Amino acid sequence: MRGHRPQFFVASCRALLQESKPQSLVRKYGTVSSVSGGPTPQSTVFDRALEANAPRNNWTKEEIKEIYNTPLMKLAFAAGSVHRKFHNPSSIQMCTLMNIKTGGCSEDCSYCAQSSKYQTGLKASKMVTVDSVLSAARIAKDNGSTRFCMGAAWRDMRGRKTNLKNIKEMVNGVREMGMEVCVTLGMIDLEQAKELKEAGLTAYNHNVDTSREHYPSVITTRTYDERLATIKNVRDAGLNVCTGGILGLGEKPSDHVGLIHTVATLPAHPESFPVNTLVPIKGTPLGDRIGDKENSPFDATLRTIATARMVMPRTIVRLAAGRTTLSEEQQVLCFMAGANAVFTGEKMLTTPCNGWDEDSVMFEKWGLRPMESFEVEALRELVSSSAPLEIQEERPAAAPVA
């Protein structure tokens with residue numbers, strides 16, 4: 001039955017919360033604390049973010065900038081502490097992304113191989129069949145993925161009634177496998193979003209890419225506000241919002257702050273925040289400009305992930321495109337600082353992707369495990385109020401779902 005979750009969640013999530021509950025950092029000897037007395041220093045933005053028991057969406061850019069510019073070791077450690085307060089730190093969501101319609105897009109995103117405006121050697125194709133999608137989803141599920149994502153290269157869904165009908169069949173079929181389902185189909189209106197919700201869609205991805213200030217240098221055929229309008233339609237339809245950005249677009253650190261500020265001040269924080277690093281593709285403006293040079297250093301990725309975790313504590317933070325450039329140790333450091341999802345499988349649209357076998361070895365080595373389908377939803381139901389997790393754990397268990 002659509003929406004049905006395995007029965008062990010309500011009971012086992014309490015154990016996960018207990019596992020992830022942070023321990024006190026103050027050592028005590030008898031009745032005397034090892035921390036000396038004295039005047040209490042004034043609480044900083046960083047301190048308040050570290051001690052928060054619920055998300056807030058009234059952040060200012062200056063506040064986010066203060067967190068972002070915290071010394072990186074301190075920032076990453078604090079983000080890990082916040083992560084443990086709101087999530088099971090050993091649980092990583094495994095997502096697989098399939099390109100269901102390749103190339104021929106009329107947009108001019110300067111990083112994208114699928115734009116019809118650039119000569120990248122990519123051949124445009126029609127949308128794939130429903131059966132081929134369901135077959136790919138079964139393979140992904142058999143390999144441990146619990147969220148299946150589908151992307152189509154076009155500007156919007158206007159006049160695409162047949163395509164929408166087929167996509168709804170895909171969504172319904174994947175959902176019936178017990179997997180979470182996400183799509184990214186460009187701009188959609190409210191009615192289209194409602195149709196997808198009715199078909200069983202879990203989340204809709206529509207990245208804002210970068211800060212409002214830097215955005216015009218990346219794309220000119222779609223405005224920043226048009227992206228925000230689609231996100232509003234998705235949210236108003238009752239779908240989970242997945243929106244994030246790309247590092248390495250020629251931006252400045254202030255644009256990372258601006259990106260996080262945009263999504264952290266939405267009426268509700270996104271369910272997931274993908275952090276992509278540009279994969280330069282020959283033939284695109286950004287690919288030709290950057291070439292084989294390192295376009296975004298690892299510390300920028302780690303700092304962005306850690307800041308996002310501090311500012312949006314309940315959001316899933318996903319290591320997305322560009323993960324193949326990170327060493328195993330760099331990936332684990334990102335997980336420790338708050339990332340808790342990855343794309344895995346054969347390919348990410350048109351760019352390379354870390355494979356299931358590779359991720360399985362890494363998870364086994366570092367004590368990680370694939371997140372169950374709808375696990376985050378179950379956890380959120382237990383921590384839906386502003387009370388600390390330890391208080392939530394004292395509440396009576398919910399009655400089993402029939």
Side-chain angles (χ1 to χ4, degrees), residues 45 49 52 54-68 75 79 82-83 86-87 93 95 109 149 182 184 186-188 193 202-216 218-219 222-249 251-278 296 300-322 334 337-341 343 376 380:
V45 170
R56 50 172 285 214
N57 60 353
N58 61 345
W59 293 94
T60 67
K61 280 189 180 180
E62 284 304 312
E63 287 176 321
I64 297 174
K65 179 182 177 181
E66 181 178 327
I67 294 172
Y68 184 88
L75 174 60
V82 171
H83 185 59
F86 289 88
H87 302 267
Q93 185 185 64
C95 314
C109 304
C149 310
C182 180
T184 178
M187 293 186 287
I188 59 171
T202 308
Y204 192 96
N205 167 262
H206 200 66
N207 290 335
V208 293
D209 285 354
T210 186
S211 70
R212 180 181 288 274
E213 293 76 15
H214 187 63
Y215 183 85
V218 178
I219 175 175
R222 186 189 316 183
T223 69
Y224 208 70
D225 287 324
E226 284 178 318
R227 288 185 182 266
L228 294 177
T230 290
I231 290 170
K232 182 179 186 301
N233 291 335
V234 169
R235 184 176 59 249
D236 290 350
L239 289 165
N240 288 330
V241 172
C242 172
T243 184
I246 307 171
L247 309 184
L249 302 178
E251 77 280 359
K252 300 174 182 176
S254 60
D255 295 307
H256 302 160
V257 171
L259 164 66
I260 296 172
H261 178 260
T262 293
V263 298
T265 55
L266 292 171
H269 287 173
E271 179 251 8
S272 50
F273 177 72
V275 178
N276 299 273
T277 302
L278 177 69
S296 183
T301 299
L302 182 62
R303 193 176 288 278
T304 300
I305 287 170
T307 303
R309 174 52 68 223
M310 296 284 287
V311 173
M312 299 181 290
R314 283 186 184 157
T315 294
I316 296 170
V317 179
R318 182 172 296 111
L319 270 178
C334 289
N340 59 341
F343 278 113
V376 169
R380 282 180 182 153

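Computed from a predicted model, the values in this text were never measured in an experiment. The chain is numbered in sequence order, starting from 1.
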Does any N or O in the side chain of [X] come within less than 3.5 Å of the main-chain N or O of [Y], such that one atom is a donor and the other an acceptor?
{"X": "Arg212", "Y": "Leu259", "result": "no"}
{"X": "Asp236", "Y": "Asn233", "result": "no"}
{"X": "Asn205", "Y": "Thr184", "result": "no"}
{"X": "Ser296", "Y": "Thr277", "result": "no"}
{"X": "Arg235", "Y": "Gly238", "result": "no"}
{"X": "Trp59", "Y": "Val311", "result": "yes"}
{"X": "Tyr224", "Y": "Pro216", "result": "no"}
{"X": "Glu251", "Y": "Leu249", "result": "yes"}
{"X": "Asp209", "Y": "Ile246", "result": "no"}
{"X": "Asn276", "Y": "Ala321", "result": "yes"}

Item to complete: Take the angle between the ring planes of His206 and Tyr204 and call it parallel below 30°, perpendicular above 60°, tilted in between.
Response: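 Judged by the thresholds at 30° and 60°, the geometry between His206 and Tyr204 is tilted.
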Least distance between heavy atoms, [X] atom then [Y] atom:
{"X": "Ile260", "Y": "Ala308", "value": "CD1-N, 4.0 Å"}
{"X": "Thr243", "Y": "Ile231", "value": "OG1-CD1, 3.6 Å"}
{"X": "Val234", "Y": "Ala193", "value": "CA-CB, 4.3 Å"}
{"X": "Asn58", "Y": "Glu63", "value": "O-OE1, 4.1 Å"}
{"X": "Pro274", "Y": "Cys242", "value": "CG-SG, 3.5 Å"}
{"X": "Lys61", "Y": "Val257", "value": "O-CG1, 3.7 Å"}

Can you tell me how far the [atom1] atom of [X] sits from the [atom2] atom of [Y], to the nearest 0.5 Å?
{"X": "Leu302", "Y": "Leu75", "atom1": "CG", "atom2": "CG", "value": "7.5 Å"}
{"X": "Glu271", "Y": "Arg314", "atom1": "CD", "atom2": "CZ", "value": "13.5 Å"}
{"X": "Ile219", "Y": "His214", "atom1": "CD1", "atom2": "NE2", "value": "12.5 Å"}
{"X": "Asn240", "Y": "Ile316", "atom1": "CG", "atom2": "CD1", "value": "8.0 Å"}

Worksheet item: After noting the C-alpha distance and the side-chain angles of Val263 and His269, does the key distance pass the side chain to side chain contact (heavy atoms under 4.5 Å, CB included) rule?
Response: CA-CA 7 Å; Val263 298; His269 287 173; over 6 Å; no
Worksheet item: Among Thr60, Val45, Thr307, whose side chain to side chain contact (heavy atoms under 4.5 Å, CB included) with Glu66 holds?
Response: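 When Thr60, Val45, Thr307 are each tested with Glu66, the side chain to side chain contact (heavy atoms under 4.5 Å, CB included) holds only for Val45.
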Fill in: His256/Arg303 under side chain to side chain contact (heavy atoms under 4.5 Å, CB included): CA gap, chis, key distance, verdict
CA-CA 9 Å; His256 302 160; Arg303 193 176 288 278; over 6 Å; no
Worksheet item: Side chains of Asn340 and Arg309: closer than 4.5 Å at any heavy-atom pair?
Response: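 Side-chain contact under 4.5 Å: yes.
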Discussion item. Between Arg222 and Thr230, is there a side-chain heavy-atom distance shorter than 4.5 Å?
Written reply: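 Not in contact.
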Practice prompt. Decide side chain to side chain contact (heavy atoms under 4.5 Å, CB included) for Thr262 and Leu228; before the verdict, give the C-alpha distance in whole Å, the side-chain angles of both, and the deciding distance to 0.1 Å.
Written response: CA-CA 9 Å; Thr262 293; Leu228 294 177; 4.0 Å; yes
Discussion item. Go through it in stages, so that I can follow the logic: the residues are Gln93 and Arg318, the test is side chain to side chain contact (heavy atoms under 4.5 Å, CB included), and I'd like the CA-CA distance, side-chain angles, deciding distance and then a yes or no.
Written reply: CA-CA 8 Å; Gln93 185 185 64; Arg318 182 172 296 111; 2.6 Å; yes
